[in-house]
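Input: a single structure, listed below in structure tokens.
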Amino acid sequence: MAGCIITAGILFTGFRQFRLGNKEASQVCMRARVVAQGVTLAFVMTSLYIQDKQKKLGIQPFML
């Protein structure tokens, strides 16, 4: 959930910079957004992998 919020924050900051005419900062934000999306996806995939392994071993997955 935190990854989605961070990604959205970066996205909106990039849009704001674009509207203000600061195209360089907007471009930096868009690149940061791609990195944030990649990190978020990596965490989600890792979490799913760990949950699958726990299920196969008969371990109750920890849920918040």
Side-chain angles (χ1 to χ4, degrees):
M1 183 70 167
C4 294
I5 293 169
I6 291 169
T7 301
I10 294 170
L11 178 64
F12 288 121
T13 301
F15 283 151
R16 183 170 182 265
Q17 291 300 320
F18 184 75
R19 273 198 338 236
L20 294 173
N22 191 349
K23 293 186 182 194
E24 289 180 27
S26 175
Q27 188 64 22
V28 169
C29 286
M30 292 303 126
R31 290 179 182 154
R33 176 189 56 86
V34 170
V35 171
Q37 283 177 322
V39 170
T40 300
L41 182 61
F43 277 125
V44 168
M45 296 305 292
T46 301
S47 175
L48 290 172
Y49 175 78
I50 290 170
Q51 287 179 14
D52 183 57
K53 287 293 182 185
Q54 288 176 337
K55 187 176 180 181
K56 287 180 181 178
L57 293 173
I59 300 171
Q60 182 69 23
F62 177 72
M63 301 296 257
L64 291 176

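FYI, the numbering just counts along the sequence from 1. Heavy atoms only: backbone and side chains are in, while hydrogens, waters and symmetry mates are out.
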Mind checking the [atom1]-[atom2] spacing from [X] to [Y]? Nearest 0.5 Å is all I need.
X     : Y     : atom1 : atom2 : answer
Gln17 : Asn22 : CD    : CG    : 5.0 Å
Ile5  : Thr40 : CD1   : OG1   : 10.5 Å
Arg33 : Ile10 : CZ    : CD1   : 9.5 Å

Closest approach of [X] and [Y], non-hydrogen atoms and distance?
X     : Y     : answer
Thr13 : Cys29 : CG2-SG, 3.8 Å
Ser26 : Gly14 : OG-O, 3.2 Å
Phe15 : Met30 : N-CE, 4.0 Å

(message) Any non-hydrogen side-chain atom of Gln51 less than 4.5 Å from a side-chain atom of Lys55?
(response)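 SC-SC contact between Gln51 and Lys55 ruled out.
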
(message) If hydrophobic clusters are built by linking Ile, Leu, Val, Met, Phe, Trp and Tyr wherever their side-chain heavy atoms come under 4.5 Å apart, do Val44 and Ile6 end up in the same one?
(response)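 Different clusters: Val44 never reaches Ile6 through Ile, Leu, Val, Met, Phe, Trp or Tyr contacts under 4.5 Å.
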
